[in-house]
Amino acid sequence: MRDGLFKLLRARLVSVGHPLCLIPLALVLAFGSLSARSLERNGKRYIDLATIAHSLGMQSYWLKDARTYRLHSQWTTIDADNKLSILKINGLPVHLGAVPVQSGKALFLAETDYRNSLQPVLTPQVFGSAPGLKRIVIDAGHGGRDEGAHNSAYGLKEKYLTLDVAVRLKRLLELSGYEVVLTRSSDKFVELPRRSAYANFKDADLFISIHFNSAGNPDAAGFETYAMTPQFQTSTNVSGTSSEDSKRWAGNGQDPWNSLLAYHVQRSLVTSLGGPDRGFKRARFAVLKDLQCPGVLVELGFLSNAATAQQMRTTEYRETLARSLSKGIVAYGQRLERLP
């Protein structure tokens, strides 16, 4: 009976004809995730990736490099590294809370990473009713006395760039039928807690905070998207464990949808603009902690990188950034609509 169910769902999966459309496989997960071979290390439970692959109707095997374990189907390729806390879903780096554990010929993924990073992207329907998407709050990072990053040689200040992209994104999303509001519409300072509080006050369905990066290394480049770090997981931008790890914030109430949103936004940025793809990451940023709706923070490039700075000076490039963000948000909304 179970083999028959696998065949039926795989057939339906192929008929969908869209990347990552594993929606019909929810029933299989109810069997596979609970019966997976597991082990425990340092108080964490890890699940056998081969069992996960079987539950999803995917093939699984080691690549020739002997450190990459691949799960593969017609539409989806997932690569796990036995040395790094990064999972690649169709090439997009998803930063994990723990490095996968190898035991013999098997590779095991932390159960928390399976639940917080893999399931939300592949089978979000297992988390219950999907949120709606009508009202969006766009947060232009920094402002007023908080200038953010800057590049004096090219006359760039982050606070102006974030507002410019936010206004462009607002226009594009409104053309797509969404109701959109900004946390600031001029060069004014807004306290970080007030930004998420404003989104909650507006009963927002989605929050996106726009930023630009800077680094001491002038070669640093690329895009990255941050979602709220789940409880008991270490943030990507923190070395080692932290006292913050055990605390649950309001923003954790949307963990699955934060992950799904982050994936689609990051995927759209890289698809539209190329790399480097710095991936979907985790952080307990102040603007994400108290959110009552799905939210992400995006870093749209390094102002400290000369090539990026040159692009940022043009209205065409900033418009392209806004369009990429808009496409990612629309894709997220369409994914929600397809969920049963």
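Between R171 and E319 there is a salt bridge, with a side-chain nitrogen of the basic residue lying less than 4.0 Å from a carboxylate oxygen of the acidic one. Taking 4.0 Å as the cut-off between side-chain N and carboxylate O, E40 and R45 do not count as a salt-bridged pair. No salt bridge links E244 with R284; every basic N to acidic carboxylate O contact stays at or beyond 4.0 Å. Between R37 and D48, at least one side-chain nitrogen of the basic residue sits less than 4.0 Å from a carboxylate oxygen of the acidic one, meeting the salt-bridge criterion.
Using modelled atom types and a 3.5 Å distance limit, the side chains of Q266 and D277 yield a donor-acceptor pair. Under 3.5 Å, the side chains of S324 and R267 contain no donor-acceptor pair of N or O atoms. Side-chain contact, S259 with R282: a donor N or O sits under 3.5 Å from an acceptor N or O. Using a 3.5 Å distance cut-off with no hydrogens or angles, the side chains of H72 and T77 do pair a donor with an acceptor. Residues Q102 and N82 bring a donor and an acceptor atom of their side chains to less than 3.5 Å of each other.
Here the CG atom belonging to D146 is positioned 7.5 Å from the CG atom belonging to L192, to the nearest 0.5 angstrom. The OG1 atom of T162 sits 7.0 Å away from the NE2 atom of H142 when rounded to the nearest 0.5 Å. Atoms CZ and CZ, from F302 and F223 in turn, are 10.5 Å apart once rounded to the nearest 0.5 Å. Distance check: D255 CG to L260 CG gives 12.5 Å after rounding to the nearest 0.5 Å. Atom OG1 of residue T76 and atom CG of residue L71 lie 10.0 Å apart, to the nearest 0.5 angstrom.
For the salt bridge (Lys or Arg N to Asp or Glu O under 4.0 Å) test with D139, the passing option among R195, R184, R194 is R195; the others fail.
Here the side chain of D187 pairs a donor or acceptor atom with the backbone of G144 at under 3.5 angstrom.
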